[in-house]
Amino acid sequence: MRLFHALFGLALAASVLAAPRPSLAAGDPDTVIALSEDDIIDWDPASAFATEIRAFHGVYQTLTHYNPPGSETPLSPELALSWSRSDDGNSWTFKLRPNVTFHDGTPMDAAAVKAALDRTIKLNRGAAYIWDGVTSIEAPSPDTVVINTSSPKPIDVIASSQNGAFIYGTRGGEVTPEWFGEGKETGTGPYAITSWTRGEQVVMDQYPGYWGGFQPDQFKRVIVKTVREGSTQLQLLRSGEADFLSVFPPTLIASTKSDPSIKVDIFPSWKNTFIMLNVKKGPTANLKFRQALTHVIDFVSALPAIYPDGVAERATTIIPVDIWGHAPQPELTYDLDEARRLIEESGVPANERKLTLAYTSALDDYQNLGLLLQSALSQVGVTLDLQPGPWTTVWDKAKHLETAPNLQLLNWWPVYATPGDWLASLFRTEDPINFNLSHYSNPEFDKAVNEGLKLEGVDREKAAEAYATAQHILYEDAVVIPIVDLKTYIAHSASIEGLTYNPAYDSIPFASLRRAKQ
Amino acid sequence: MIWGYVAKRLALLLVVVFGVLLLTFTISHMMPASPVEMMLGGRPSAAEIAKARAELGLDKPLPVQFMRYLQSVLRGDLGISMATHQPVLSDLVARSSATLDLTGLAMLVALALGIPLGVFAAVERGRAADRTLRLGSAWMGAVPQFFAGILLQMIFAGGLGWLPLQGRLDPQTLINHPMQPGSGLLLVDSLIQGNMYVFRDALLHLILPVTALSLGVLALIIRMTRSTMVEVLSQEHVMTARAMGLPPLKIYSRYALKATLIPLLTTVGLSFGYMLGGAVVIEYLFDWPGLGGYAVNAVTTSDYPAVLGVTLLLAVAYLTINLIVDLLYFAADPRVRLR
């Protein structure tokens, strides 16, 4: 009997260990695996405003679609086939695409669109603020939706937003954040969520009723797997167990060049990095002192070390070069003598030339920029104290003047295609402070920004002029040091074909991908 | 007598848990963090933040918040996690099985290898095998778990590609080989359901994290078993048994090993705490969807309800295990008096 037990144990162990490893997705023509450092947190399409969009853009859709830079027209139809604006700019009419169904099989008609947008606005979470100024939504016929606003707004562009504009089924008003929180969804996109294993992965399969249909070589299944560490993600990509990474420091790009199984594609993006100068605290309250700080960054020789392989371009203004409304300002020169002269001229006593720089500790490039700035400032007699920390802590401190740093390093990107996202959110007068971390208040600037926001819905060219004025005021007041316009670089398996990137949607377009034939 | 002892220990458990909660609550709320902003995500407005703070009661004085928390705990409500937006209790339930899979197997491996190796070292006392085992166990006890984990990942996953790098299962395993809902313990469930594909995949995924996690406890058990056995083997009753010509295996297993039971129970009880602590690091390293990874995330995001929930669960688990160990002392040796 003992011999039997021993033999059984040995046989079991042998069968487990000697058998080949279960098949992985590598090379699977039907499945693509993308890695994400976070699990999906907010499943509600009305409020989701973080990394959820990596999965959501295959699941949910919007009325209009914002086209990538260089396209003939800014927008193209998605769930709406056409749209028009009233003469006064206060009303927008959308004609809906016929024969579209939500993943539960119910029709996507005007009543459903109204119900979804009404719920998003009422819930008022996440990016729902994009609908501020909407007074009512009407559904006069099954294929027509009318959105009324109190003043002209670019509702056609807002309806293409990457957050807060998803059209989803409300199941007769039954859906709640808790219902979505169980990993359920009611989208219209090419992929429907079939399973969610908390903390592990989300599985999406082709939705057979998708209005756009499918090509035979499109991926039938998408898996978004949670892997926190960047180094682990890279190992999984190298071993063929994943197709896309979400965490990939730019300094590692060079190391992947010799690996034929990995490809890194670089695309234009609407993200940028800049330093906000606190205009109400310490030495940076002094204009001359702030102007001095604009001359201490060596953009030409130091920045490429922090952002290698073309993953960023030198910026001259707060609005990135690839989005409309970008108005370049004079290049900031690296001139330490000029910086010293301006510091002396500022009248700030030598013993008070001490600054603090806050930034989120999650990004290596922030740390490197901080060190670069610290070294440069020491050469002009200014001490810089680096204050890295978790974003929510850094943000909370920056909002209150007594705990705010002098300098705040930040990344930003727009929720939808508007320069107003930077100018209004970051620099327009706020009380209490939320994202105006410069604590800046200038009526002339506010007027230009408000003018731009008002004109966006009726005349984009004139809006761009107003935004250009605002950008020049920021330059004159030295409120911000634009550092770089970032590129989006995507590291992926070389067997993936058809990868495109649209800066309006910070996600991988799974439906356009396919696996190269071996 | 035993029931009185259990009642006394349970009352003590409540006091300790209260103290642990009070301490954790105070420390976590004193940390400079803004979990509400994290909970709301994205770019919440000042009004949204203020509203959420009021809804969560974070605008109330700390003692009031603590009392409210205690009341909800007594109702079985551990709050909503600010990071996952799920009830903390449901998060803990969902993740406990993964941690039990990992720590349970690691403890089994440590016991299954540690006791025979400890006995072997005692029998071979002073010889090469004993010296090797003592050196090996010293190394195993000294090497930090995270380092062992990284090393194992580099060699067996990254280098040789024999074993999975991370996770509990390959992404497609449960899609292609679905399981019926069960205890959540993958090895047990898959065996019961006869799903050998899942069993094999789960076991392969467990090998590296279990190895990294069990090294420290394995070293402890080897050394403890060896030292106890060395002492027992020189006692008169063992020498008498030898003189009577009993087979060595019978002497070791029936007469000598019994004496190691009490110190072994002590080691196992203490090691559970060590295991749970180690699981935090190992789970993070191996993307293991258990309580350890959850705890790390809760701490780094200042997710108060989750931090308190994990602390409560681990404190209760640790105290309960120690209570069971104490009761086992009594069962193992009737001479032990429970007070």
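Throughout, protein chains are lettered first and strands after them, A, B, ... in sequence-line order, and every chain is numbered starting at 1.
Taking chain A as the reference chain and counting heavy-atom pairs below 4.5 Å, the highest number among B:L174, B:V36, B:T84 is found for B:T84. For the set A:E182, A:R228, A:Q201, the count of heavy-atom pairs under 4.5 angstrom toward chain B peaks at A:R228. No other option in A:R221, A:E430, A:R238 has as many heavy-atom pairs under 4.5 Å with chain B as A:R221.
When all heavy atoms of A:F435 and B:P44 are compared, the pair lying nearest together is CE1-O, 4.1 Å. Of all the heavy atoms in A:I41 and B:A83, the pair that sits closest is CG2-O, 2.8 Å. Nearest heavy atoms, B:S90 versus A:R198: OG-NH1, 3.0 Å. Of all heavy-atom pairs spanning A:R125 and B:E48, the tightest one is CA-OE2, 3.6 Å. Considering every non-hydrogen atom in both B:P289 and A:G199, the closest pair reads CB-O, 4.4 Å. For the residue pair B:L169 and A:K225, the shortest heavy atom distance occurs at O-NZ, 4.1 Å.
Only the side chain of A:W395 comes within less than 4.5 Å of a heavy atom in chain B; its backbone stays farther off. Using a 4.5 Å cut-off between heavy atoms, B:N297 makes no contact with chain A at all. Heavy-atom distances place no part of B:A98 under 4.5 Å from chain A, backbone and side chain included. A:T197 does not touch chain B: none of its heavy atoms, backbone or side chain, sits under 4.5 Å away. Within the 4.5 angstrom heavy-atom criterion, no atom of A:D44 approaches chain B. With a 4.5 angstrom heavy-atom cutoff, A:V203 touches chain B only via side-chain atoms. Residue contact with chain B, scored on non-hydrogen atoms closer than 4.5 Å, involves the backbone of A:N124 exclusively. For a residue to count as touching a neighbouring chain, one of its non-hydrogen atoms must lie under 4.5 Å from one of that chain's; by this rule B:F286 does not touch chain A.
Atom CD in B:Q166 sits 5.0 Å away from atom CG in A:L236 (nearest 0.5 Å). Expressed to the nearest 0.5 Å, how far CD1 of A:I33 lies from CG of B:D170 amounts to 8.5 Å. Atoms OG and CE, from A:S231 and B:M154 in turn, are 10.5 Å apart once rounded to the nearest 0.5 Å. In this structure, the separation between OG1 on A:T232 and CG on B:D287 is 5.5 Å, given to the nearest 0.5 Å.
More than 12 non-hydrogen atoms from other residues, nucleotides or ligands lie less than 6.0 angstrom from NZ of A:K184.
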What do the steps show when you test A:D28 against B:Q172 for side chain to side chain contact (heavy atoms under 4.5 Å, CB included), and what is the final call? CA-CA 11 Å; A:D28 184 344; B:Q172 307 237 47; 3.3 Å; yes

Where do A:W43 and B:H85 land on the side chain to side chain contact (heavy atoms under 4.5 Å, CB included) test, with the steps shown first? CA-CA 9 Å; A:W43 280 95; B:H85 294 195; over 6 Å; no

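A side-chain donor-acceptor contact under 3.5 Å links B:Q86 to the backbone of A:G181.
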